[in-house]
Amino acid sequence: MNRQKLHSLIDWCAIILFLFCVFGTTTIPFLWDRVFNIAPFIMFGALGLLLLNNVSIPELLRRKDREFFIMAGGVVLSLVNLFLVRSRMGAFFTIADFFLILYLADKLHFDRIQLGVIVSVCFLIWLYWQFINRDIFSSSRFNTNTPPIFMLAFFCVFICYFFGLLSRRGRMPGWGYHVIAVVFVLLLGKRAMDFRCRGVLAALATWVFTYFFLPKHKRTIPLVIGFSLLFAAVYVLLWKTGASTGIIIFGKRFASGRDRIWYEFFRAFVHHPITGIGSDFAVMLPDLPERLRIAHNALLDLLFVHGIPVFLLVLYLMYSQISEMIAVSFGPVRAACLASVYASLAIGTFENIYILSPYNMLFMMIFLMAHTFASRQEVLHEAPNS
């Protein structure tokens, strides 16, 4: 077997592990219960394969590659914190997976067939929830928010790929991309309203605003990240002052319980700002019922669980990757990819979705699409507001 075939085979092994976890955690609750808990370990192995197969670690060490050292330092620091606060191994693999994803996001080069298989699976599962499966799961695992969140993540992947293919062929006028985007957003929005999932509706609004109106510049990155963090503080303040009492949105209380969750997490965190509180929530958050011991905010989860130093390293890599994506992509592809990243950050204001395995790989796929279709020659039609 020649070197090129071996390289492709190793990438395929990682892709198969990824798709197995995605299918197992987004279709059948029976599988969700069994696959979700082991997904961080499986994805760590898959990401390790991708790292060793796509970058030369000796060369990175020789060049003293900054991002590699930041990624590796973050993983090591997370492991140290794990022992200092007696955290659980699952928390370490979650943050290690996310560090690897942020590092690899612009370094993977899947071929046409590999990308096609990944996107096809994403589209088929989206189709399953959009048109085929009309049930609403009420179990503790698949609550009414879960299916629309899955659908949003898959939408972000296949819309970026779809726009990339259309741009490469150069046969779609600028307004054609807008029509396609609006149709898919309306379909997903209708399904989110069926499930009364306010977080996905907010994420879709973010996607539309970013795609059509927001300047595609890196100066918007701290604004979006800052909003995701500031929203939680304002939310808690409204709860503590009683201003949100009695407000109903889409049949649900505005004060949905996240106010108390974020407040209790912060109370514990201020005593452990460097190491974070870890994932032994029974010890660190005794005043919260067990069912509420979830951060429900991706960035706050990273901050509260892993501490300020690890959190700052994550923000650096995230900022670098989004900046690079904005710089290398063009036209409708850049608009769709940036909108998808910001929509992911928006839903991450209410859920942990994009930092959890295997859904964090869907987050990485957005960046991969941007770099795959990055050539100016492939983007023949620039969309307005891009």
Side-chain angles (χ1 to χ4, degrees), residues 12-40 42-43 46 97 101 110 112-139 141-165 180-181 183-195 197 199-201 203-204 207 336-337 339-341 343-344 346-348 351-369 372:
W12 270 116
C13 290
I15 290 169
I16 290 170
L17 289 173
F18 161 53
L19 293 179
F20 164 76
C21 290
V22 166
F23 177 83
T25 59
T26 59
T27 54
I28 305 171
F30 173 82
L31 289 176
W32 196 101
D33 290 332
R34 286 151 182 78
V35 176
F36 181 76
N37 290 330
I38 62 174
I42 295 175
M43 293 315 305
D97 288 354
I101 278 168
F110 292 158
R112 178 175 54 86
I113 296 176
Q114 290 168 335
L115 280 178
V117 169
I118 294 171
V119 175
S120 295
V121 171
C122 291
F123 181 76
L124 289 173
I125 299 177
W126 174 85
L127 200 67
Y128 169 77
W129 282 110
Q130 182 71 50
F131 298 109
I132 300 173
N133 190 334
R134 307 302 299 179
D135 296 329
I136 297 178
F137 291 112
S138 58
S139 70
R141 297 303 187 187
F142 269 9
N143 62 37
T144 55
N145 287 332
T146 305
I149 294 172
F150 292 159
M151 294 166 66
L152 175 71
F154 293 130
F155 160 76
C156 289
V157 172
F158 73 70
I159 198 68
C160 296
Y161 179 78
F162 191 34
F163 279 17
L165 285 182
I180 294 171
V183 168
F184 277 110
V185 167
L186 289 176
L187 286 172
L188 184 49
K190 173 60 170 62
R191 200 71 172 114
M193 291 186 69
D194 291 342
F195 285 93
C197 185
V200 169
L201 291 173
L204 286 174
W207 197 98
C337 289
S340 297
V341 168
S344 300
I347 190 61
E351 304 290 347
N352 295 3
I353 181 73
Y354 68 82
I355 67 168
L356 298 179
S357 295
Y359 321 118
N360 46 20
M361 283 287 285
L362 297 172
F363 185 64
M364 185 185 76
M365 288 299 299
I366 300 170
F367 295 94
L368 193 150
M369 298 301 174
T372 298

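Note that the structure is a prediction, hence the values are computed from the model and not measured. Below, all heavy atoms of this structure are taken into account, side chains as well, without hydrogens, waters or symmetry copies.
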**Q** For Phe18 and Pro358, work out which heavy atoms get closest and say how close.
**A** CE1-O, 3.6 Å
**Q** If only atom types and distance count, is the side chain of Gln114 paired as donor or acceptor with the main-chain N or O of Ile15 below 3.5 Å?
**A**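 Checking the backbone N and O of Ile15 against the side chain of Gln114, no donor-acceptor pair under 3.5 Å is found.
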**Q** With a 4.5 Å heavy-atom cut-off, do Phe110 and Thr372 have their side chains touching?
**A** no
**Q** Can you sort out the partners of Leu17 under side-chain contact (heavy atoms from CB on, under 4.5 Å), two or more places apart, ordered by chain and number?
**A** Ile42, Ala46
**Q** For Met361 versus Ile101, what's the shortest heavy-atom pair and its separation?
**A** N-CD1, 3.8 Å
**Q** Hey, what do you get for CG (Leu204) to CE (Met151), rounding to the nearest 0.5 Å?
**A**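 So the gap between those two atoms works out to 9.5 Å.
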**Q** Evaluate the side-chain proximity of Ile118 to Val22: yes if any heavy-atom separation is below 4.5 Å, no if none is.
**A**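 Result no, sub-4.5 Å side-chain heavy-atom pair not found.
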**Q** Under 4.5 Å between any side-chain heavy atoms of Ile353 and Phe363, yes or no?
**A**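 When only atoms from C-beta onward are counted, Phe363 and Ile353 do not touch, as no gap falls below 4.5 Å.
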**Q** Which label fits Phe154 and Phe150: parallel for a plane angle under 30°, tilted from 30 to 60°, or perpendicular past 60°?
**A** tilted
**Q** Could you give me the CA-CA distance, side-chain angles and deciding distance for Thr25 and Tyr359, then say whether side chain to side chain donor-acceptor pair (under 3.5 Å) is met?
**A** CA-CA 9 Å; Thr25 59; Tyr359 321 118; 3.1 Å; yes
**Q** Give, for atom OG of Ser340 and atom CG of Leu152, the distance between the pair rounded to the nearest 0.5 Å.
**A**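 The distance works out to 8.0 Å.
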**Q** Mind checking the CD1-OH spacing from Ile347 to Tyr354? Nearest 0.5 Å is all I need.
**A**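 Atom-to-atom, Ile347:CD1 and Tyr354:OH are 11.0 Å apart.
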**Q** Between Ile159 and Trp207, is the side chain to side chain contact (heavy atoms under 4.5 Å, CB included) condition met? List the steps.
**A** CA-CA 11 Å; Ile159 198 68; Trp207 197 98; 4.1 Å; yes
**Q** Looking only at heavy atoms, which two atoms of Val157 and Leu362 are closest? And how far apart?
**A** CG2-O, 3.5 Å
**Q** Could you grab the distance from atom CE of Met365 to atom CZ of Phe158, nearest 0.5 Å is fine?
**A** 13.5 Å
**Q** Please work out which of the three classes, parallel, tilted or perpendicular, describes the rings of Phe155 and Phe184, given edges at 30° and 60°.
**A** tilted
**Q** Would you call Leu356 and Phe36 a side-chain contact if the rule is heavy atoms closer than 4.5 Å?
**A** yes
**Q** Side chains of Val121 and Phe23, heavy atoms from C-beta outward: is any pair under 4.5 Å?
**A**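 They are not in contact (no side-chain heavy atoms under 4.5 Å apart), so the answer is no.
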**Q** Rounded at 0.5 Å granularity, tell me how far SG in Cys160 sits from CD1 in Ile366.
**A** 5.5 Å
**Q** Check whether any side-chain N or O of Arg191 sits under 3.5 Å from a backbone N or O of Leu187 as a donor-acceptor pair, and report yes or no.
**A** no
**Q** Could you tell me which non-hydrogen atom of Pro40 sits nearest to which non-hydrogen atom of Asp97, and how far apart they are?
**A** O-OD2, 2.8 Å
**Q** Can you name the closest pair of heavy atoms from Ala192 and Leu201 and give their distance?
**A**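 Residues Ala192 and Leu201, closest heavy atoms: CB-CD2, 3.9 Å.
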**Q** Rounded to the nearest 0.5 Å, what separation is found between the CG atom of Asp194 and the CH2 atom of Trp129?
**A**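 CH2 of Trp129 is found 12.5 Å from CG of Asp194.
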**Q** Does either side chain, that of Tyr128 or that of Thr26, offer a donor lying less than 3.5 Å from an acceptor on the other one?
**A** no
**Q** Taking C-beta and beyond as the side chain, do Trp126 and Phe131 meet within less than 4.5 Å on heavy atoms?
**A**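 With C-beta onward as the side chain, the pair touches.
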